[in-house]
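One structure is given here, and the rest of the page talks about it.
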Amino acid sequence: MYALVDCNSCYASCEQIFRPDLRGKPIVVLSNNDGCVVTRNREAKALGIPEFEPYFKIKSRLQKHQVHVFSSNYELYGDVSNRIMLLLASFTPAIEIYSIDEAFLDIPITLNKSELITYGQTIKQACWRQQRMPVCVGIAQTKTLSKLANHIAKKSHRLNGACVIDIIDQWKPVFSKISVNKVWGVGSKTAQKLKLINVVSILDLLEQNPKKIRNKFGITLERTVRELNGERCISLETQPKPKQEIYCSRSFGHKVNNLRQLNESVANYAVRASKKLRRQHSLTQRVYVTIQTSRFNEDHYNRSSSIPLPHPTNDSRTIVKAATSLCHQIYREGYLYARVGVGLLDLTESTHHQYDLLTQEQHQASKLVMGVIDQINQKYGDNQVFLAAQGIPRKRQWNMSRDFKSPAYTTRINDIPVVKI
């Protein structure tokens, strides 16, 4: 059996860990630059606060209902996620970290239904007791069914946060009441196409002929149908696959109207992308840069370009040089830029690449320098060592706006909570 553990309203729950006074009160977390509502806890949902609504449109409504508003605190959320995943790994020898707030666990022993429910409740209680993170647990024979079980666990108060789907036939009356778009991997467009052949509920999809579904919709949906019927088609990925492309892109906190600031932002995103590249032991052969103004502007400007590198690399210096040269090429005066992005393309594994005699020594020196920089920044915090092209961190005027950001309780020494007796 597989167990899917999913944190409830993850970002909002992270905020409550160090603010227990907010438990039971409505909370929303905003996107980059405090743009839109991306997370609502149960109390905020009960007030009818819409998801993905721009903050400025519902600001007065949030104030009226005394909703607590937070900017995205990625440092806190990432650290809490790591702690949760380490805890979950103690329950099984095989775990797939699916996202920042979800993980699949392989249950290697045979348990009956009551024992599986106890297993799920034990995980739920451990996450709360050790990290104060509320979670729900869905257990079933396949990953698709465990996702569905988790959805049911969240919706049913009677299940107390843990749902086990063992005998599929017994769950068919429930499946007939749940929309097909609640199935893992079935998006709104696919759901609309399925509706044309009278597939509206999960039960409707489960009862389809897998081969006919494959002919009309492809092999991915065929696997979904088979998984809904208890046939394992999607295996556990305990080691994440290296990404084929890496992108770093953010909107600015304030519009940028000069090349110097634009270059600084491009350099910073190039460095972030390079760090991710080294983390997965890959090299890039092409750098891509995009710059754009707000899409709501009448004179919207959006340009992008890419450039091949002389040889595969994960050296931040080489990548930044290529990225800033592209920025020079596509930059046009007279615009207020709202967003930039850097992409690393044509990736290869560093262990598989053979350097020639002229570049081998250069690669070894690069590997040593980048390793030292990564170690220092990992030990003492980001931006302790940075490239001059990135600009002085505290003087970057284009940094993301986070006016409602909570302290970095677990990752910055000055923000560690102090209990006064």
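- For residues 187-196, there are no side chain to side chain donor-acceptor pair (under 3.5 Å) pairs, not counting sequence neighbours.
- Residues N377 and N383 are not in side-chain contact: their nearest non-hydrogen atoms beyond the backbone lie 4.5 Å or more apart.
- The aromatic rings of W184 and F104 sit tilted relative to each other, their planes meeting at an angle between 30° and 60°.
- A distance-only check finds a donor-acceptor pair linking the side chain of D415 to the backbone of A408 [under 3.5 Å].
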Assess whether side-chain contact (heavy atoms from CB on, under 4.5 Å) is satisfied between L194 and L221, documenting all intermediate values.
CA-CA 11 Å; L194 286 169; L221 196 60; 4.0 Å; yes
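- In this structure, S201 contributes its side chain and K177 its backbone to no donor-acceptor pair below 3.5 Å.
- There is a side-chain donor-acceptor pair under 3.5 Å between S99 and D101.
- Side-chain atoms of E227 come within 3.5 Å of backbone N or O of C233 as a donor-acceptor pair.
- Of the listed residues (R278, K367, K276), just one forms a salt bridge (Lys or Arg N to Asp or Glu O under 4.0 Å) with D374, and that residue is R278.
- In the model, T324 has no side-chain atom that pairs as donor or acceptor with a side-chain atom of N263 under 3.5 Å.
- Contact check on K147 versus E102 returns a salt bridge, with a Lys/Arg side-chain nitrogen under 4.0 Å from an Asp/Glu carboxylate oxygen.
- The residues K143 and E96 are annotated as salt-bridged, a charged nitrogen and a carboxylate oxygen being separated by less than 4.0 angstrom.
- When atom types are taken as modelled, the side chain of N33 and the backbone of G35 share no donor-acceptor pair closer than 3.5 angstrom.
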Under the criterion side-chain contact (heavy atoms from CB on, under 4.5 Å), I'd like the reasoning laid out for N8 against C136: C-alpha separation, chi angles, the key distance, then a yes or no.
CA-CA 7 Å; N8 300 341; C136 283; 3.6 Å; yes
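- A distance-only check finds no donor-acceptor pair linking the side chain of N150 to the backbone of S146 [under 3.5 Å].
- Although no hydrogens or angles enter the test, the distance criterion places no donor-acceptor pair under 3.5 Å between the side chain of E349 and the main chain of H281.
- Judged by a 6.0 Å distance limit and a 45° cone about the ring axis, R303 is not positioned over the six-membered ring of Y335.
- A donor-acceptor contact shorter than 3.5 Å is absent between the side chain of N314 and the backbone of S274.
- For the pair N32 and S251, the minimum side-chain heavy-atom distance is 4.5 Å or more.
- A 4.5 Å side-chain heavy-atom check between K275 and C248 finds every atom pair outside the cut-off.
- With Q261 contributing its side chain and N257 its backbone, the two residues share no donor-acceptor pair below 3.5 Å.
- For S306 and R286, the side-chain atoms include at least one donor-acceptor pair closer than 3.5 Å.
- A donor atom on one side chain and an acceptor atom on the other are found under 3.5 Å apart for N112 and S114.
- The two residues L145 and A140 make their nearest non-hydrogen contact at CB-CB, 3.4 Å.
- Ring geometry for Y331 against Y337 counts as tilted: the plane angle lies between 30° and 60°, on a 0 to 90° scale.
- By the neighbour-count criterion of 12 heavy atoms within 6.0 Å, atom NZ of K154 is densely surrounded, having more than that number from other residues, nucleotides or ligands.
- For S9 and R42, the side-chain atoms include no donor-acceptor pair closer than 3.5 Å.
- The backbone N or O of I17 lies less than 3.5 Å from no partner atom in the side chain of Q131, so there is not a single donor-acceptor pair.
- Figure legend: R250 and Y74 shown as a cation-pi pair, the cationic atom lying under 6.0 angstrom from the six-membered ring centre and within 45 degrees of its axis.
- No side-chain donor from either of D106 and T92 sits under 3.5 Å from a side-chain acceptor of the other.
- For the residue pair S401 / D34, no side-chain donor-acceptor distance below 3.5 Å is found, with atom types taken as modelled.
- The nearest pair of heavy atoms linking I95 to L236 is N-CD2, 4.2 Å.
- Taking 4.5 Å as the limit, every side-chain heavy atom of Q285 sits out of range of all side-chain heavy atoms of L309.
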When you look at V69 and L62, which way does the side-chain contact (heavy atoms from CB on, under 4.5 Å) test go after all the steps?
CA-CA 8 Å; V69 179; L62 295 172; 4.0 Å; yes
Step by step, work out the side chain to side chain donor-acceptor pair (under 3.5 Å) result for Y269 and Q390.
CA-CA 9 Å; Y269 296 140; Q390 296 178 251; over 6 Å; no
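- Side chains of S265 and N268: no donor on one and acceptor on the other come within 3.5 Å.
- Salt bridge R402/E75: present, at least one basic N to carboxylate O contact under 4.0 Å.
- Few gaps surround CD on E51; more than 12 heavy atoms of other groups in view lie less than 6.0 Å from it.
- A 4.5 Å side-chain heavy-atom check between L22 and F70 finds at least one atom pair inside the cut-off.
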Working note: K113 + I117, criterion side-chain contact (heavy atoms from CB on, under 4.5 Å); need CA distance, chi angles, decisive distance, verdict.
CA-CA 6 Å; K113 185 171 183 177; I117 293 173; 4.2 Å; yes
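- Contact detail for P26 and N41: the closest heavy-atom pair is CA-OD1, 3.6 Å.
- When side chains are defined from C-beta on, Y288 does not count as touching I307, because their heavy atoms never get closer than 4.5 Å.
- In this structure, the side chains of T293 and L336 stay at 4.5 Å or more apart for every pair of heavy atoms.
- Scanning both residues, C7 and I84, for their nearest heavy atoms gives SG-CG2, 4.4 Å.
- Side-chain contact check for V29 versus R40: every heavy-atom pair is 4.5 Å or farther apart.
- Ring centroid separation for the pair Y409 and F18 comes in under the 6.0 Å cut-off.
- Under 4.0 Å is where a charged nitrogen must lie from a carboxylate oxygen, and between E222 and K211 no such pair does.
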